[in-house]
Amino acid sequence: MVEQALELLATPKAPQALAQALGLSEAGALLLLQQLERRGYVEALACGAGCGRCAFRSGCLKEGSVYYVRKARVP
């Protein structure tokens, strides 16, 4: 499941989208993302604008949404 999550995170994903793709609860996906972030595999991209002008405008959930993306070089 970790490998599949990292593949999906080649493009930024919100925890809700990752949960749906992996068949997890949102809480389970968030725990997975936190573990991957602590180990240096992914990083959080906090938005905060919620204005519809950024690259995530089509998938923006709400102001202050956080998206995760796989780091280019994983440890």
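The model shown is predicted, which means the values in this text are computed figures rather than measured ones.
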Please report the shortest heavy-atom distance between [X] and [Y], naming the atom on each side.
X: Val66; Y: Ala44; value: CG1-CB, 3.8 Å
X: Ala29; Y: Pro15; value: CB-O, 3.7 Å
X: Pro12; Y: Leu45; value: CG-CD1, 4.1 Å
X: Leu22; Y: Ala5; value: CD1-CB, 3.9 Å

Do the non-hydrogen side-chain atoms of [X] and [Y] ever get within less than 4.5 Å of each other?
X: Val42; Y: Leu9; result: yes
X: Leu8; Y: Leu18; result: yes
X: Gln35; Y: Arg38; result: yes

Looking at Gln20, I want to see if its CD is surrounded by more than 12 non-hydrogen atoms of other residues, nucleotides or ligands under 6.0 Å.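 12 or below, so no.
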With Tyr68 as reference, evaluate Leu32, Leu30, Leu36 under the side-chain contact (heavy atoms from CB on, under 4.5 Å) test and give the passing residue.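 Of the listed residues Leu32, Leu30, Leu36, the side-chain contact (heavy atoms from CB on, under 4.5 Å) partner of Tyr68 is Leu30.
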Please answer whether the main-chain N or O of Leu6 pairs with a side-chain N or O of Arg70 as donor and acceptor at a distance below 3.5 Å.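 Between the backbone of Leu6 and the side chain of Arg70 there is a qualifying donor-acceptor contact (under 3.5 Å).
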Got a donor-acceptor contact below 3.5 angstrom from the Lys13 side chain to the Tyr67 backbone?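 Flag not set: sc Lys13 to bb Tyr67 has no pair under 3.5 Å.
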Leu24 side, atom CG; Gln16 side, atom CD - distance, nearest 0.5 Å: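 That separation rounds to 12.5 Å.
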Enter the distance from Glu26:CD to Leu31:CG here, rounded to the nearest 0.5 Å.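 Between Glu26 CD and Leu31 CG, I get 11.0 Å after rounding to 0.5 Å.
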